[in-house]
Structures are given as structure tokens and as C-alpha cells.
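Below, chains carry the letters A, B, ... as their sequence lines are ordered, and counting in each starts from 1.
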Amino acid sequence: MSRIRIADLLSRELSPGSVVVKGWVRTKRDSKAFSFLELNDGSCLANLQVVADATLPGYEESVEPARTGAAVEVEGEVVESQGQGQRWEMQATRVTLVGAAPEDYPLQKKGHSLEFLRSIAHLRPRTNLFGAVFRIRSRMAFAIHRFFQERGFVYVHTPIITASDCEGAGEMFRVVTMEGEKVRGGAEEFFGKPTYLTVSGQLEGETFACALSNIYTFGPTFRAENSHTSRHAAEFWMIEPEIAFCDLEGDMTLAEEMVKYLVNDALDHCAEDLDFCNRFVDKGLLERLAFVRDRSFERISYTDAVELLRASGEAFEFPVEYGLALQSEHERYLTEKHFRCPTTVYNYPKEIKPFYMRRNDDEKTVAAMDLLVPGIGEIVGGSQREERLEVLLANLREQDLEESAYDWYVDLRRFGTVPHAGFGLGFERLLMFVTGVGNIRDVIPFPRTPGSAEF
RNA sequence: UCCUCUGUAGCUCAGCGGUAGAGCGGGUGGCUGUUAACCACUAGGUCGUUGGUUCGAUCCCAACCGGAGGAGCCA
């Protein structure tokens, strides 16, 4: 008899009859004559209630020790439940203990703190919350590919190891080879020069966009920043589309459409898991997601945003002044108090943005954009790229960057240059937004943060 | 890197300058178509580490280590 997933079983209109299920016991309630086993196999949030009569052959060896955490295989008849709370339950005809869990199994059926669960990251996927979060994560990864593939974007694998040490996005991890305990360096360097873990696939992505027109990357990214916040990790996943023959307007539209698409997909395909998040993580989650799906996002230029903030009368800790970067508190004011919805801020002063962003005709701003969402802040950062050779070279000089290191990047402007644009979407930040989970460490399976690389 | 908070039983926490507490979880027994089951009994702690103050420190002080939140940086 073949195994059926609990998700399949529970969604049946008619009883599938006699079947086999396999999973882990969440809890067991015993009485003299029989036991109730709550069985979960990760296919969905809900458990299957198994009724195991004490008269079952092998009851003492298989059912009695099947306490919380144990792995079991159960064969039985799916019948309508006599009790409240579930439609189907299984009347067991055979219970096999696959793997026992002794009494020191750390997960109790009661709520645990997220901090404690982080310390047992190898077991936390067996909880309701993390099961839900990682099913949603999987679905969102799939939806991202669908979104781009449906629009004719080509998936490009940009390198993890890179030699560009000045991509302008924070501190990098060095890649070295070892000789025993010693780091091999200098001319002995494996690649013949210093190399790093990528902080962005953008520059490489641009080369493919200038050939395949519309591309996206989706892979791990590394930042060696010593950041201690709920929104930063040293290793995270990023989605970076790059579009040829596209300006900032098209870039912003794509980013907004993408966020809406993903939220809509989650609402359609992760209803049970989102409902759990709504009940136990963030009571306003479903309402907010529906809002994001249904309403259009706000857009405001940096210049207007500065004026709006100055006129707001709000007492900010940091000054609001043209030419200064917007602080977290300013971004939060825009999305959480003023607009109360996702907001795209665009056209930033060129001084506070990297060399590759396209200079606007006002000569003061660049065609950059940040998509901000309530509760998290920046979820997307992007720009139209500088496609004019002379302007790009001037930018490199202005920012004291070594021109020769960007030969290949500059070549794109030498040979058949086109206007193009793109953005980066932080996958974990998207997941925080979609699930309502407040800490990035709880939406990535094994988080890497300063001082912490367990598991 | 800076600022703030925090570390007591397996978990969540209370507590106090003078022999360590609860709830939950675990174990045992009972009971019931149960579902955060229920009732009774029971085991379980070098109070993060090191040093200092004190007759006496889990408590006060310092340093260190771990955890969390925020800032910066960004996604």
C-alpha cells in the first residue's frame, strides 16, 4: 500500500479508504482503551488524528512509545471523525514505530520562544510556525521563477566568487585557499588575485541583459557587514532582474508588479499557512496582504519626499535635508504613517548613490528607486543604469574607482549600448513581509549572522 | 562599530544580601472520543563565566561570554 501525504488526505471530498501515512507525532493523548496520535508529515499545517485502539497488535511496542517527536508509519481506514475539530481521522489497523524520540526531545507542544527555536534550528522545521514559513518560502521561490518565466525572462546564474572588490555594496568575505593552517596568498592565490563572495550579481547580470534582453538572477549573496538587526544576515538570497531597453519607469513598474504578483500567489496558494501566521504572528497580516494586492502603490520623488517629511511636523531624530540619505525613521514615516502602503521613492541625489546609476537631465539626481514596505523598509533597490560611455567613465573617476577593473563592464557601453535598468529584491525581506515574521533569522533555514554560523 | 536591554529547572518566567519558587514540559498512577485534554503524586537547579565588595553574593560592583532590540550599512 503506497503512502499518501496528509495534505492530500485531508483535502479529499470522499474517504480514500485504507491508506498508509508516515510522519512525526506532534502529541499523543492516551486513554485506557485507545490513544489519539496527532501526526504531521510537513505536507501541510494540519495534523492527522490517528485513533489507535489498545487492542492493536504490538500496541505496547509501537503506540505507547510514540510520544512527541517520534516517527511512525500508520496504516488504517480514513473515516469521518466522531469528534469536533477535524473532518477526517484515521482508524489505525497497524502502527509501526520508525524512529523513537526519547523524553529529552526539546520541542514541547506548547509555544516556544523564537530565540529558543533558533538554538535548535535543526528541529524547528517541525513546529507549526517554521513549517508554515518554509512552505511559504518554497512557494515564493517557485512564484518568482514563474513570474519571470511567464514574461520571457531568462534565468542567469551569475558567479558566487568574484574578483570585483568594489561593487559598492558593503564589506565582502575573502575567498582563500588553505595550506594546512596557513592561508595561501600573493602570487600563490588560487585565482591569481584576491577574490570574494559576491555581494551582487548585477554587473554580470547587465552583460546578459545586453544580449538576452530580459534576465533575472536568483541566488545567495554575502555581506560581511557587522550588522546586528532583525533585517540583516551575512548570507541571504537575492533576486536581480535586468531589463534591456528599459528606463526607470519600466523598472519601478516591474518591481511593483512583482511584489503584487508574489503577494497574490501567496494568498492563493498558502492560505492555510498564512492564516496561521495571521493568528499567531501578526493579526493584521491578511488584511495588509489583501490591501497590497488590491491597491496601487505610491510613488514619490526623493525631492518631494524630503519636502513632505520637512512639512510633516514630525520630530525626527535625524535631520531631513536635501542631499542626505533617508533614515529608517523617515522611510517608516512615509510607508507607515503618511501613505500607509508600499511606496517607491525615486530620483535620488547622485552623491549618495553608486557610479552605475544613470544621471538624470537635471545633473543633480540619478534614476534610482527604492521600494519601501511598511514594517520592514527597503525591500527593493534598483536603478536605470548609466548607458552613456562618457558619463560612466566620468562617474568612475569622480568616485575614485579603478577604471581598468571595470573594462568588461565599460565595454557594454562601447559596443551596442542600450538603456537598461534593474533591481534587487531581498528574498528574506519579502518573506518577512509576506509572513509577518519580524526577524530575518526566522525566515531562512540556517541563519548566518555576526558571531553565529551554527548548523 | 556604537547605544539599550537581558542571562535563575528541559521551556517561559517570578524572586531575594542569610538553606531556591511557579506554570508548562518529563516520569508514575488514574480517568475520559480526546484535541494547548483532565486529576493526583514525583524527579529535576554550581542562579552564564571569572574576579571583587561583604561575616555571608543567585542578588551589589567590574570584566568577559552568550542572547535580543535599535542605529549605521544595506537587501
Review point. Which part of the nucleic acid, if any, lies within contact of A:E428, taking any heavy atom under 4.0 Å across all strands shown: a base, the sugar-phosphate backbone alone, or nothing?
Key: nothing
Review point. B:rG25 and B:rU53: how far apart are their P atoms, nearest whole angstrom?
Key: 46 Å
**Study point:** Distance, P atom - from B:rG15 to B:rG21, rounded to whole angstrom
**Key:** 15 Å
Exercise for review: May I have the distance from A:L114 (atom CG) to B:rU12 (atom P), rounded to whole angstrom?
Suggested key: 11 Å
Exercise for review: May I ask you to check whether A:E75 and A:S18 show a side-chain donor-acceptor distance below 3.5 Å?
Suggested key: no
Practice item. For the residue pair A:E77 and A:T93, confirm or rule out a side-chain donor-acceptor distance under 3.5 Å. Key: no
Check your understanding: Is a side-chain donor-acceptor pair under 3.5 Å present for A:S35 with A:Y59?
Key -> yes
Practice item. Give me the ring orientation class for A:F34 and A:F36: parallel if the planes are under 30° apart, tilted from 30 to 60°, perpendicular past 60°. Key: perpendicular
Review point. So what does A:R67 touch, heavy atoms closer than 4.0 Å: a base, only the sugar-phosphate, or nothing?
Key: sugar-phosphate
Check your understanding: Using atom C1' of each nucleotide, how far apart are B:rA40 and B:rG33 to the nearest Å?
Key -> 23 Å
Exercise for review: Please figure out whether A:R332 or A:N226 has its closest RNA chain B nucleotide nearer the 5' end.
Suggested key: A:N226
**Study point:** Under-3.5 Å donor-acceptor pair between A:Q86 side chain and B:rU35 base
**Key:** yes
**Study point:** Nearest listed nucleotide, side chain of A:E103, among B:rG26, B:rA75, B:rG33
**Key:** B:rG26
Check your understanding: When we call it a touch if two heavy atoms are under 4.0 Å apart, what does A:T229 touch: a base, just sugar-phosphate, or nothing?
Key -> base
Review point. Base, sugar-phosphate, or nothing for A:R118, non-hydrogen atoms under 4.0 angstrom?
Key: sugar-phosphate
Exercise for review: Identify the nucleotide, in any strand shown, that forms a Watson-Crick or G-U wobble pair with B:rU28, with both distances under 3.5 Å; if there is none, say none.
Suggested key: B:rA40
Point to revise | Any donor-acceptor N/O pair under 3.5 Å between B:rA75 base and A:R231 side chain | key: no
**Study point:** Complementary nucleotide of B:rU35, counting Watson-Crick and G-U pairs under 3.5 Å
**Key:** none
Exercise for review: Give A:A33 one of three labels, base, sugar-phosphate or nothing, depending on what nucleic acid heavy atoms sit under 4.0 Å from its own.
Suggested key: nothing
**Study point:** Base B:rC11 to side chain A:H112, donor-acceptor N/O within 3.5 Å cut-off
**Key:** no
Check your understanding: Side chain of A:Q108, base of B:rG26: donor and acceptor closer than 3.5 Å?
Key -> no
Check your understanding: Using 30° and 60° as the class limits, which term best fits the ring planes of A:H112 and A:F116: parallel, tilted or perpendicular?
Key -> tilted
Exercise for review: Remember a base hit wins even if backbone is also touched, and classify A:N47 as base, sugar-phosphate or nothing at under 4.0 Å, heavy atoms.
Suggested key: nothing
Exercise for review: Write down the distance between NE2 (A:H232) and C1' (B:rC73), rounded to a whole number of angstrom.
Suggested key: 6 Å
Review point. Aromatic rings A:Y216 and A:F148: how do their planes relate, parallel, tilted or perpendicular, breaks at 30° and 60°?
Key: parallel
Review point. Within 45° of the axis and under 6.0 Å from the centre of the six-membered ring of A:F446, does NZ or CZ of A:R441 qualify?
Key: no
Practice item. Please work out if A:Q82 contacts a base, only the sugar-phosphate, or nothing of the nucleic acid, heavy-atom cut-off 4.0 Å. Key: base
Check your understanding: OP1 or OP2 of B:rA36 sitting under 4.0 Å from any side-chain N/O of A:R279?
Key -> no
Review point. Atom CG of A:D104 to atom C1' of B:rG44: distance rounded to whole Å?
Key: 14 Å
**Study point:** Lys/Arg-Asp/Glu bridge criterion (N-O < 4.0 Å) met for A:R310, A:E321
**Key:** no
**Study point:** Qualifying residue for side chain to side chain donor-acceptor pair (under 3.5 Å) with A:Y348, from A:T303, A:T365, A:D370, A:N360
**Key:** A:D370
Practice item. Indicate, with a heavy-atom threshold strictly under 4.0 Å, whether A:L430 touches base, sugar-phosphate, or nothing. Key: nothing
Check your understanding: Taking a pair as Watson-Crick or G-U wobble with both distances under 3.5 Å, which nucleotide is matched to B:rA71?
Key -> B:rU1
Check your understanding: Are OP1 or OP2 of B:rG69 and a side-chain N or O of A:R441 less than 4.0 angstrom apart?
Key -> yes
Revision key, fill the gap. Any strand, both distances under 3.5 Å, Watson-Crick or G-U wobble: B:rU49 pairs with B:rA63
Review point. Where the side chain of A:S113 is defined as all heavy atoms beyond and including C-beta, which of B:rA68, B:rA71, B:rU12 is the nearest nucleotide?
Key: B:rU12
Practice item. Could you measure between the two C1' atoms, the one in B:rG27 and the one in B:rA43, and give it in whole Å? Key: 7 Å
Check your understanding: What is the nucleic acid contact for A:E317, judged by heavy atoms within less than 4.0 Å: base, sugar-phosphate only, or nothing?
Key -> nothing
Review point. In Watson-Crick or G-U wobble terms, both distances under 3.5 Å, what is the partner of B:rA20?
Key: none
Review point. Is there a donor and acceptor pair closer than 3.5 Å between the side chain of A:R29 and the base of B:rC38?
Key: no
Review point. Under 4.0 angstrom, heavy atoms only, what part of the nucleic acid is A:F427 near: base, sugar-phosphate, or nothing?
Key: nothing
**Study point:** Nearest-nucleotide 5' precedence on RNA chain B, A:F116 against A:G438
**Key:** A:F116
Practice item. Indicate, with a heavy-atom threshold strictly under 4.0 Å, whether A:E89 touches base, sugar-phosphate, or nothing. Key: base
Exercise for review: For B:rG56, give its Watson-Crick or G-U wobble partner with both distances under 3.5 Å, or none.
Suggested key: none
Point to revise | Distance-only donor-acceptor test (3.5 Å): side chain A:S31, base B:rC31 | key: no
Study note, to complete from the structure: Closest of B:rG69, B:rC24, B:rA75 to the A:S230 side chain is B:rG69
Exercise for review: Determine: side-chain N/O of A:N128 to OP1/OP2 of B:rA36, distance under 4.0 Å, yes or no.
Suggested key: no
Revision key, fill the gap. Side-chain contact check for A:S227: nearest option of B:rU12, B:rC73, B:rA75 is B:rC73
Check your understanding: Contact class for A:Q49 (heavy atom, under 4.0 Å): base, sugar-phosphate, or nothing?
Key -> base
Check your understanding: In whole Å, what separates the C1' atom of B:rG70 from that of B:rA57?
Key -> 33 Å
